[in-house]
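Have a look at the structure below before the remarks.
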Amino acid sequence: MDLDLSSEQQEFQKTVRAFVDDAIRPNAERWDEAHELPMDAVKQMADLGLFGLPFPEEYGGSGADFLTLCLAIEELARVDSSLAITLEAAVGLGAMPVWQFGTEDQRQQYLPPLATGEALAGFGLTEPGGGSDAGATKTTARLENGEWVINGSKSFITNSGTPITKFVTVTAVTDSPGGKKEISAIIVPVGTPGFVVGKSYRKMGWWHSDTHELSFSDVRVPEENLLGDRGEGFRNFLKILDDGRIAIAALAVGLAQGCVDECVKYSQERTAFGQQIGSFQAIQFKIADMAMKTELARSAYHRAAWLKEQGRPYKKEAAMAKLYASEIAVDCARDAVQVHGGYGYIEDFPVCRHFRDSKILEIGEGTSEVMRILIARELGLPQS
Ligand SMILES: Cc1cc2nc3c(=O)[nH]c(=O)nc-3n(C[C@H](O)[C@H](O)[C@H](O)COP(=O)(O)OP(=O)(O)OC[C@H]3O[C@@H](n4cnc5c(N)ncnc54)[C@H](O)[C@@H]3O)c2cc1C
């Protein structure tokens, strides 16, 4: 049993950590205040090769393993969750469906600009009427004279409205010839008439990540924009979400680690009653618990990523890692604010931003309730 990262992974982690400390940390608060995805930071992440990590070189990637991508997401999230989710969604939701389910033509056409970070793509599954019950999709796509005609709307779609967004893949009901309801995934290029990107949401956190509502009104795209087999859109997307959950767990671990780092620093600087607050057992126990939970969550996502790499089942482990890591991230962020006292409530201190950024982790890419349902199902418990 070898629990160490490989030497390549360790080197890569050091490189990303140095990049985050130099280029991201000094700017994260300013970017958040601006409520806009900083395209110069995206460019720097692209130059580092982050957007192409898990894709083969022939498509502009570097052929790294999935854990390496997760390490990059974790390192970013230590300091800046908005950029971490930008990377996670770009690779996991934007490019990965093309890589996993696209035809060779689609891979060659769409993957290289995504893998090099010149372009971004989004994936639209969630609708205003519901995200957890994604099978209840209302958006429709009917085939007419060799074109899909799409009508409907999607909510909360990450990376869908940036200056370099090239397309969004949407799930839509495509009634099969027999009249049976089926869901398919279709690539919709930005700028297609009838495809409207709504204005940015005013979010609790992830202020400088890009999230929009999308609407589709008689949007026409060629029949060959179908991604994956017809009727397989929903099933394929569930596979994408299994990987996404490991990546979100990595993001949560990064945020939790960022909270630990800030608390260790602050509790040595701040004094009360003539002592460093870090000498109070109440503070020590809080930080020790935060560090322990973070380490356990890290082990959970590393194991899920390892199972995936081995080609073994990992659905349950991915759900467990996502559930545990997101819940401890919220706990750590809340405790980190407490350790900082009143300053924890002030935006100048990173834990304030971490606190706002943590809650979505229990919601996005499957809520905590949905994770528990999945785990119970994998354990063979009866389903209602
Ligand atoms: C910032 C942000 C970015 C996002 N990015 C994307 C994206 O890029 N693409 C995309 O498709 N989606 C995206 N989402 C959507 C996200 O995945 C959904 O919000 C999430 O899946 C929950 O769906 P919902 O909001 O419709 O909540 P609902 O499904 O309406 O759930 C509401 C509550 O009911 C609970 N619930 C629902 N069903 C059950 C059940 N059977 N048993 C018990 N409890 C249940 C839920 O757990 C939750 O607590 C994003 C969301 C946000 C906020």
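Each ligand, and each atom within it, is numbered from 1 in the order the structure gives.
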Short N or O distance, [X] and ligand 1, threshold 3.5 Å exclusive:
X	value
Ser132	yes
Gly366	no
Thr126	yes
Thr158	yes
Glu127	no

Looking only at heavy atoms, is any part of [X] under 4.0 Å from ligand 1, and if so is it the side chain, the backbone, or both, or is it neither?
X	answer
Asn159	neither
Ile85	neither
Tyr201	neither

For [X], atoms of ligand 1 separated by under 4.0 Å from a heavy atom:
X	result
Leu93	8 (O)
Phe123	7 (C), 8 (O), 9 (N), 10 (C), 11 (O)
Ile373	40 (C), 41 (N), 42 (N)
Ile360	52 (C), 53 (C)
Glu365	17 (O)
Ile363	19 (O), 20 (C), 21 (O)
Gly130	26 (O)
Thr367	22 (C), 46 (C), 47 (O)

[X]-[Y] side chain donor-acceptor pair, cut-off 3.5 Å:
X	Y	answer
Glu362	Ser368	no
Lys154	Thr126	no
Tyr314	Asp243	yes
Asn225	Glu147	no

Is [atom] in close reach of the protein, with a heavy atom under 4.0 Å away?
atom	value
atom 34 (O) of ligand 1	no
atom 30 (O) of ligand 1	no
atom 7 (C) of ligand 1	yes
atom 39 (C) of ligand 1	no

query: Partners of Ser160 by side-chain contact (heavy atoms from CB on, under 4.5 Å), sequence neighbours excluded?
result: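 Ser160 satisfies side-chain contact (heavy atoms from CB on, under 4.5 Å) with Ile157, Val168, Asp210, His212, Leu214 once adjacent residues are dropped.
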task: Could you tell me which residues satisfy side-chain contact (heavy atoms from CB on, under 4.5 Å) with Ala297, sequence neighbours excluded, listed by chain and number?
output: Val253, Tyr324, Ala325, Ile328
Once rounded to the nearest 0.5 Å, what's the spacing between atom [atom1] of [X] and atom [atom2] of [Y]?
X	Y	atom1	atom2	answer
Trp206	Thr158	CH2	OG1	6.0 Å
Asp80	Met45	CG	CE	8.5 Å
Asp32	Arg356	CG	CZ	5.0 Å

Residue and atom name of the nearest protein heavy atom (relative to [atom]), distance in Å to one decimal:
atom	value
atom 1 (C) of ligand 1	Trp206 CE3, 3.7 Å
atom 4 (C) of ligand 1	Phe156 O, 2.9 Å
atom 23 (O) of ligand 1	Gly131 CA, 3.3 Å
atom 45 (C) of ligand 1	Glu369 CB, 4.4 Å

task: Determine whether Val330 and Val370 fall in the same hydrophobic cluster, where Ile, Leu, Val, Met, Phe, Trp and Tyr are linked whenever their side-chain heavy atoms lie under 4.5 Å apart.
output: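 Different clusters.
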task: Report yes or no: is the cationic atom of Arg220 (NZ for Lys, CZ for Arg) closer than 6.0 Å to the six-membered ring centre of Trp148, at no more than 45° off its axis?
output: no
query: Is the CD atom of Glu327 crowded by more than 12 outside heavy atoms at less than 6.0 Å?
result: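 Yes, the 6.0 Å shell around CD holds more than 12 heavy atoms from other groups.
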query: Should we count OH of Tyr343 as having more than 12 external heavy atoms under 6.0 Å?
result: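 Atom OH in Tyr343 is not packed in, count stays at 12 or less.
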- prompt: Any side-chain heavy atom of Glu88 within less than 4.5 Å of one from Glu365?
  reply: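 Counting from C-beta outward, Glu88 and Glu365 do come under 4.5 Å.
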